[in-house]
J.: 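Take a look at the following structure, please.
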There are 2 protein chains.
Amino acid sequence: MLSLHQLTCFLATYEHGSLTAAAEELGYAQPSVSEQIRALEKSLGVQLFRRVGRGVVPTTVADTLRPHAERTLAAAEDTRRAAQQVARFETGTIRFGMFGIARLYAGAGLVADVLARHPGVRVELVGQNSAGVQEDLRRGRLEAAMIAIPQVHSEGMSVTPVAKDEIVYISSDPERLRSPVTARQLGNATLVMPDTTWRAEDSVRIAVRSWLHSSGLNPQTRIEVEDPEIAVELVGMGLADSVIPRGAAEQLLPRLAPNAGWVSFRPKIHDVFAIVHRAGATLSPAAQLMIEIATRRIQAVAQPV
Amino acid sequence: MLSLHQLTCFLATYEHGSLTAAAEELGYAQPSVSEQIRALEKSLGVQLFRRVGRGVVPTTVADTLRPHAERTLAAAEDTRRAAQQVARFETGTIRFGMFGIARLYAGAGLVADVLARHPGVRVELVGQNSAGVQEDLRRGRLEAAMIAIPQVHSEGMSVTPVAKDEIVYISSDPERLRSPVTARQLGNATLVMPDTTWRAEDSVRIAVRSWLHSSGLNPQTRIEVEDPEIAVELVGMGLADSVIPRGAAEQLLPRLAPNAGWVSFRPKIHDVFAIVHRAGATLSPAAQLMIEIATRRIQAVAQPV
DNA sequence: GGACAACATAGGTATCTCCTAGGGAAGCCG
DNA sequence: CGGCTTCCCTAGGAGATACCTATGTTGTCC
């Protein structure tokens with residue numbers, strides 16, 4: 001069986017023209033190198049050195065094989081170097097899951113932070129929907145993710161809340177922003193809600209629904225859209241009001257609905273963001289890095305817990 | 001310590017997405033592959049697979065490393081293939097020593113024969129002078145050679161005569177070719193002799209000198225040249241006679257001195273060609289090939305012994 | 001001819017590699 | 001929901017390997 005060690009011994013011997021010198025360079029005893037060369041010759045079925053009295057002389061076969069051996073060792077060294085570079089975040093890919101409103105107002109900053117600290121890496125911020133992220137985590141395709149809590153099927157998952165964001169009512173009618181919104185008021189409101197496709201798993205909707213249920217009321221959603229941006233624009237046009245996390249409101253309102261504002265619920269409702277990964281897993285340095293940066297980013301726009 | 005075996009296990013596992021499947025493909029038990037992967041991860045300092053419940057999932061590090069591992073294994077396979085091609089004479093270099101008049105009239109044919117049988121090989125037919133050939137043999141730089149015998153310092157050398165060639169007298173004076181030349185006649189002749197530089201070791205000269213010494217005479221050499229061709233041309237011009245092996249005479253006279261001819265000595269003198277290599281050495285297939293072809297070639301122009 | 005230098009050989013030990021056997025977790029299915 | 005299967009891990013042991021030191025052999029140099 002051909003081995004890198006044999007090739008190393010071969011090259012050292014070839015270059016020094018001596019087993020003893022090669023052994024000295026490699027830090028072995030002379031018989032060890034001798035044995036490796038013999039094993040290599042047997043493995044390849046060719047004679048590499050003529051044992052001539054005192055000393056060894058490379059055969060023409062050795063001349064022919066030398067560049068191949070060098071290329072092989074160089075490729076191995078290259079493999080090792082690539083691994084080290086990845087370990088140091090000088091290159092490689094960092095994959096992280098992030099779903100929902102969190103990605104909307106922390107995603108770009110998160111990617112920017114990672115690229116600023118590690119310019120050589122590729123970043124993959126995945127997560128089309130909550131179920132997909134959870135499936136990826138469960139199957140091991142994702143190591144860690146940040147998601148809003150209510151939707152977590154947490155068997156075997158480690159869930160660490162890192163921030164909570166108040167859920168607020170937004171409207172372009174100043175009248176409705178005068179005082180905190182009650183369940184009754186919300187029940188009577190005309191609403192536009194985003195994330196239609198994932199409405200059943202959307203943490204904001206789940207939080208609001210359970211909040212309303214305790215008052216015996218049902219939410220009334222008049223308009224369903226996918227993008228939070230569109231929902232906010234519709235609020236700006238006065239066609240409906242909406243319910244979104246406060247961080248999103250503060251980011252989107254000035255840009256998309258300057259005449260609108262937000263107001264708390266009474267009692268207040270919160271959305272909680274958490275880091276999720278498989279329970280019992282040892283997190284890789286890359287995952288730890290992403291968790292650290294994502295946490296810092298989300299805590300810049302939501303309250304730390 | 002990184003090893004090719006570890007890389008093989010890594011690639012098999014990566015491609016199958018399973019340690020068990022990889023082990024089956026490689027013909028090992030599953031724990032063996034598992035151990036190799038673990039050793040590779042430790043050696044590189046990175047995690048290559050996430051152990052997730054049943055099954056393993058490659059990390060992004062594994063994605064990054066895979067092409068490097070493939071290149072390394074390909075280079076190793078390339079090394080092995082090169083060795084096999086050399087062993088089958090499909091490529092590589094064949095080096096052989098040949099000195100003196102033998103090369104002159106068997107060298108080109110020898111090279112042609114080798115190239116005809118093994119079109120891919122490089123051929124080196126070395127031997128500027130007898131002493132150099134012997135030194136190369138002794139030092140191991142040459143594995144085997146064909147040389148004329150008298151000059152062999154045979155300690156530690158295996159000498160196998162394969163052909164003998166009569167040494168003849170050449171002249172453009174028909175009078176001198178009438179009957180075999182005696183020692184007295186040779187002592188009175190005006191001679192041109194080739195191989196000036198190596199005159200002390202030239203087998204023809206040694207043979208002739210000892211032949212003359214038994215008659216108490218000394219050779220008279222009027223002209224010294226390097227090339228046998230020039231000596232023969234001078235003979236053709238009638239400026240001197242010469243003494244060369246019959247094989248050389250038959251090849252050179254028609255071309256360079258059509259009006260000249262040759263005649264034996266009385267008693268006859270012979271030059272013996274032998275295969276020489278280090279005693280006790282096991283000959284490589286390449287050397288055996290060259291010996292076989294060179295012997296056949298030389299026996300085509302000289303008498304086999 | 002004696003001293004030295006370089007490789008081969010021998011023998012012992014530690015490590016590595018591979019196996020079999022058995023345990024535990026996750027997924028599949030009745 | 002409980003049993004079965006699948007897949008990986010761990011443990012322990014046998015055989016091979018790699019390395020060492022000590023010694024023998026041979027060629028070289030003085």
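Below, read A as the first sequence line, B as the second, and so on, with proteins coming before strands; counting in each chain starts at 1.
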J.: For nucleotides 25-30 of chain D, give me one character per nucleotide, 5' to 3': B if any protein heavy atom sits under 4.0 Å from the base, S if the only such contacts are to the sugar-phosphate, - if neither.
T.: --BS--
J.: Spell out protein contact along nucleotides 10-24 of chain D as letters: B when the base is contacted, S when just the sugar-phosphate is, - when no protein heavy atom is under 4.0 Å; keep the 5' to 3' order.
T.: B-------SBBBB--
J.: Which angle, to the nearest 10 degrees, lies between the helix axes at the two ends of the helix from C:dG1-D:dC30 to C:dG30-D:dC1, each defined by five pairs?
T.: 20°
J.: Identify, with sequence neighbours excluded, every residue that meets side-chain contact (heavy atoms from CB on, under 4.5 Å) alongside A:Arg103.
T.: A:Met98, A:Leu125
J.: I want to check something: taking the side chain as every heavy atom from C-beta on, are A:Ile291 and A:Phe96 in contact at a cut-off of under 4.5 Å?
T.: yes
J.: So, B:Arg138 and B:Glu135, do they make that salt bridge, N to O below 4.0 Å?
T.: yes
J.: How close or far is atom P of C:dC18 from atom CD1 of B:Ile37, stated in whole angstroms?
T.: 12 Å
J.: Evaluate the side-chain proximity of B:Leu73 to B:Leu11: yes if any heavy-atom separation is below 4.5 Å, no if none is.
T.: yes
J.: Heavy-atom distance under 4.5 Å between the side chains of A:Thr60 and B:Ile94, does that happen here?
T.: no
J.: Measure the CZ-CZ distance between A:Phe10 and A:Phe49 for me, rounded to the nearest 0.5 Å.
T.: 5.0 Å
J.: Looking only at atom types and distance, does a side-chain atom of A:Gln36 sit under 3.5 Å from a main-chain N or O of A:Thr8, one as donor and one as acceptor?
T.: no
J.: For A:Thr196, is there any backbone N or O sitting under 3.5 Å from a side-chain donor or acceptor partner on A:Arg199?
T.: yes
J.: Does the A:Thr13 side chain pair with the main chain of A:Ser18, one donor and one acceptor, at a distance under 3.5 Å?
T.: no
J.: Which atom pairs, one a donor and one an acceptor, fall under 3.5 Å between side chains of residues 23-32 of chain A and the rest of the protein, sequence neighbours left out?
T.:
unit_1, atom_1, unit_2, atom_2, d
A:Glu25, OE1, A:His16, ND1, 3.4
A:Glu25, OE1, A:His16, NE2, 3.2
A:Tyr28, OH, A:His5, NE2, 3.4

J.: Rounding to an integer number of Å, can you tell me how far B:Glu24 CD sits from C:dC18 P?
T.: 17 Å
J.: For C:dC7, does either OP1 or OP2 sit under 4.0 Å from a side-chain N or O belonging to A:Thr20?
T.: yes
J.: Could you give the CD-to-C1' distance, from B:Glu41 to D:dC9, as a whole number of Å?
T.: 13 Å
J.: Measure from CG on B:Leu19 to P on D:dT6 and round the result to the nearest Å.
T.: 17 Å
J.: Specify the separation, in whole Å, of atom CE of A:Met157 and atom P of C:dA25.
T.: 16 Å
J.: With sequence neighbours excluded, tell me which residues meet salt bridge (Lys or Arg N to Asp or Glu O under 4.0 Å) with B:Arg81.
T.: B:Asp78
